[in-house]
Trainee: 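Let me give you the structure first, and then I'll get to my questions.
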Amino acid sequence: MRQPKTLQLVPITLATSICSYRGLRPEVCLLSLLLATPLLKGDTPQGDSSQTGPSVLKKLSLEELSQIEVTTPSKEPQEAFRSPVAIFVITGEEIRRSGATCIPEALRLAPGVEVARIDANKWSIGIRGFGTRLSRSVLVLIDGRTVYTTLYDGTYWEVQDTVMDDIDRIEVIRGPGGTIWGPNAVNGVINIITKNAKDTQGMLVSAGGGNEEQGFVNLRYGGSQGQNLNYRVYLKAFTRSPEDHSDNRNFDDWRAGQIGFRIDWKRDNKEAFTIQGDMYDEEAGESVDAVSYTPPYSQIIDGNALLSGGNITSRWSKMLHEGNDIQIQAYYDRTNRHEPNFGEIRDTFDVDFLQRVRWAARQRVSWGLGARLSHGNELPVVSGLTFTPAQTTDQLFTAFLQDDIGLIDNRLALTLGTKFLRTNFTGLELEPSARLLWTPTAKQTLWAAYTHAVRTQSDVEEDFDLSGYIATTRSGIPYFAQFIANPHFAPEQLNGYELGYRRLIGKRVYADVATFYNHYHDLFSEDIIGAPFLDDDPPPTHILLPAQFRNGLLGYTKGGEIAAEWGPANFCRLRGSYSYLHMNLGKSPNSGDVGTAPGIVGSSPQHQAMMQAAFDLAKVLQLDLDYRYVSALPGQLVPAYSTGDARLAYRVNRQFEVSFVGRNLLQPSHPEYGGDPGPLVGIKRSAYVQVTWMK
Amino acid sequence: MGFFSHRSRRRPDRSKFAVDGTISLWLLSLLCLTASFKCQAAEEQVSEHQVKAAFLLNFTKFVEWPEAAFGDGHSPISICVLGEDPFGSALDQIVEGEVVEGRRVVVRRIKEPPLAKQCQVLFVSPVIKDVSQILTSLGPGVLTVGEGSDNFLREGGVISFVIENRHVRFDINQGAAETEGLKLSSRLLRVARSVEK
């Protein structure tokens with residue numbers, strides 16, 4: 001049985017909120033900066049020997065200076081560097097140079113993120129462990145909209161898309177972010193931020209194709225109305241071929257189309273308003289196990305998931321006066337999902353408010369409120385997979401309060417805060433955190449954090465009746481295990497302890513180390529709760545082994561990530577990272593769990609390493625190479641693998657660029673994760689050509 | 001139950017991939033290393049702070065200070081850098097030998113907020129916190145310049161650098177300039193990305 005997808009809800013709490021760690025402007029949200037790159041490049045004054053050295057610059061006029069292109073792609077490098085969180089920012093430029101054609105593939109650029117492709121249109125993504133197809137406990141946002149379904153507290157990656165060129169950056173936070181981000185930001189937050197419409201003016205057309213990416217096209221047009229109003233509209237479509245199936249059941253072909261717009265208005269840098277929306281429609285091939293109480297009881301069906309949806313988000317921010325600004329955001333999101341064994345239609349409404357006030361000399365207080373309603377209509381398709389009740393409206397109400405306190409000069413700062421949340425499943429829950437930041441010099445940052453986070457229960461734990469066919473007895477009675485809805489499922493709990501250090505060494509080397517110890521309890525388990533019995537509702541008569549989702553697992557994870565960047569020369573940049581993860585989970589003494597823990601532990605890699613090199617061979621020629629190693633996943637029977645990508649781009653003239661991209665080049669195919677019925681799906685070596693025209 | 005895909009799988013292993021990827025890793029580093037020897041030949045690009053340094057000098061030509069901002073008629077125009085200096089030697093090289101309105105232009109690096117008449121241009125490094133406190137403690141006649149955040153203007157700064165599409169631009173808070181007794185030329189206002197009243 002496989003599952004649904006679609007939705008989104010979750011608390012979002014304003015993408016912005018994390019800005020409050022260091023007080024960035026809310027509409028931009030989050031540390032806008034690049035962790036790695038920026039410092040290297042921005043802070044590297046050149047000698048005076050060149051054509052563009054100081055002796056030339058000093059003669060230029062104001063207007064000419066405004067026209068010079070500089071080497072720093074980042075906006076405010078300091079912000080990420082000085083944040084007491086394990087954050088990594090993937091820039092739009094890095095995404096473009098990686099040749100990634102979709103968001104999950106772009107996430108491979110961040111350390112500590114486990115990206116495993118299950119087949120052409122499905123991924124398992126985890127942060128610091130717990131990677132699954134459903135990416136539970138990782139909160140994902142696109143422009144402040146939570147794209148995560150309260151159906152099971154996870155993300156359907158195949159319907160999260162946009163024009164890759166329009167992505168400004170992806171901020172990946174490893175570790176719990178519950179205080180600001182709300183429930184389910186347990187193991188991490190992935191915050192996808194698209195460009196302001198003023199940065200996407202003009203026409204962009206890109207198209208291409210290859211063996212896997214059989215054909216794709218992106219069209220985008222950006223215009224403006226006066227100085228303060230900018231907009232863009234886009235259309236994208238692609239068709240993708242199946243991956244490598246040893247049994248030739250090539251079910252995972254994928255076709256999708258999406259359109260959208262964004263309008264940005266601002267006044268005097270004091271007030272801004274954004275409205276944006278998207279609509280998509282796709283067919284994603286899949287293979288599912290359809291279980292029913294009537295023969296043939298269990299059937300593998302290869303078919304298409306028909307997925308469509310739309311969303312609209314508006315956001316208004318205003319500076320009331322100095323050191324006091326507010327933001328209000330509201331969105332509506334609709335997802336339709338029709339799979340061979342499951343269907344769901346979901347409508348989500350969400351409103352958030354955020355205010356940040358400078359208070360006394362050294363304090364910055366942020367607080368916010370949020371409310372979300374998500375109505376899900378679960379469509380029964382097979383009798384082995386139903387919800388009781390079939391229609392529910394999930395509710396979430398949140399409030400948070402955070403104070404950022406300067407302790408000693410500019411060197412030591414303490415951030416204290418908590419989230420208060422309540423859902424239709426839970427009473428009041430608190431998610432407090434304390435973060436300490438020490439910056440002994442401008443080139444070093446040391447930080448430590450304690451955070452408590454919860455994953456609130458979802459429809460799947462509380463309302464879900466899921467059956468698995470086991471066998472037919474000699475007398476001809478079918479025998480099933482059934483997960484019975486558990487209205488007493490409790491939130492999963494995490495206490496996280498983190499320590500991090502960042503350093504700029506000389507002008508050209510940057511290093512970031514983050515370590516963690518996370519203690520979990522009340523984790524999801526699958527318990528046998530009684531002896532088998534005869535049941536005839538629904539008919540025909542069958543034997544049921546009763547089981548239930550409960551909170552029987554506990555344990556800890558520990559590990560760390562090292563990321564470094566080195567720019568030996570202006571035209572060359574090397575980046576590397578290594579992530580280590582140790583998971584130790586087991587069942588609590590009174591749990592009837594049957595083997596869930598080893599499956600979880602064995603589905604996240606213990607070691608991951610990555611190395612990337614970017615070269616500007618000439619002004620018109622870029623070369624990017626990357627290599628990655630992922631250790632084995634015994635829980636998925638996936639051996640360790642290493643592979644690499646390459647991209648060569650030639651800029652023919654100002655408007656026209658051709659690029660050649662090869663992915664997974666080191667072997668004909670390799671599996672990265674299980675999840676589909678049948679043998680493991682191999683991810684193929686692939687290549688495509690893309691032409692881009694912009695004006 | 002395969003609802004949750006972390007369930008253990010019981011399937012034969014088929015490990016037919018393998019290639020030793022470490023080779024490519026070494027290749028990469030080698031490429032970069034050799035490249036670094038040749039790097040001087042490559043075209044130089046301009047760093048963000050070189051351009052910002054040139055802007056700082058340029059600002060002095062388009063701002064009129066009140067008499068009270070200077071010690072006397074011969075005092076230089078001092079461009080002060082408070083906190084970490086992001087400019088390196090670029091600012092010194094750009095300012096060297098410059099004379100504006102009969103006054104020499106000099107660079108000073110300071111650790112404490114300046115005394116009255118000590119600085120005519122004050123660049124406040126983003127490392128500095130409590131910016132609003134520093135800004136309010138300054139005497140009149142100081143052109144304050146920050147970077148990287150809208151907050152600098154909100155807190156009373158006059159000019160704030162921003163990077164937009166890889167270009168260095170700046171925003172102006174004209175109200176703050178008036179409070180400081182500074183007259184900004186219309187040309188400066190025109191080049192600015194935005195001007196707050």
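Residue numbers start from 1 in every chain, and the chains themselves are labelled A, B, ... in the order their sequence lines are given, proteins ahead of strands.
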Trainee: Heavy-atom cut-off 4.5 Å, strictly under: side chain, backbone, both or neither for A/Leu633 against chain B?
Mentor: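 For A/Leu633, no heavy atom lies under 4.5 Å from chain B.
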
Trainee: For A/Ser61, give me all partners under side-chain contact (heavy atoms from CB on, under 4.5 Å), at least two apart in sequence or on another chain.
Mentor: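 Expected list: A/Glu63, A/Glu64, B/Arg187.
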
Trainee: When only heavy atoms count and the cut-off is under 4.5 Å, which of residues 106-123 of chain B reach chain A?
Mentor: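 None at all.
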
Trainee: Report, in residue-number order, which members of residues 59-75 of chain B are under 4.5 Å from chain A by heavy-atom distance.
Mentor: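 Only B/Phe59, B/Lys61, B/Phe62 of residues 59-75 of chain B have a heavy atom under 4.5 Å from chain A.
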
Trainee: To check you understand the geometry: which heavy-atom pair defines the closest contact between A/Leu62 and B/Leu188, and what is its length?
Mentor: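 It is CD1-CD1, 3.7 Å.
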
Trainee: Counting only non-hydrogen atoms closer than 4.5 Å, does B/Ser125 touch chain A with its backbone (N, CA, C, O), its side chain (CB onward), both, or neither?
Mentor: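 No part of it gets close to chain A.
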
Trainee: Take A/Leu57 and B/Ile94 through the side chain to side chain contact (heavy atoms under 4.5 Å, CB included) test and state the conclusion after the steps.
Mentor: CA-CA 7 Å; A/Leu57 287 176; B/Ile94 279 174; 4.3 Å; yes

Trainee: Of the backbone (N, CA, C, O) and the side chain (C-beta and beyond), which part of A/Arg358 lies under 4.5 Å from a heavy atom of chain B, both, or neither?
Mentor: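 Just its side chain gets close to chain B.
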
Trainee: Is B/Glu84 atom CD crowded by more than 12 heavy atoms from other residues, nucleotides or ligands, each under 6.0 Å away?
Mentor: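 Counting other residues, nucleotides and ligands, CD of B/Glu84 exceeds 12 neighbours.
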
Trainee: Not counting sequence neighbours, which residues clear side-chain contact (heavy atoms from CB on, under 4.5 Å) with B/Glu101? List them please.
Mentor: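 Testing B/Glu101 for side-chain contact (heavy atoms from CB on, under 4.5 Å), a comparison that skips the adjacent residues, returns none.
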
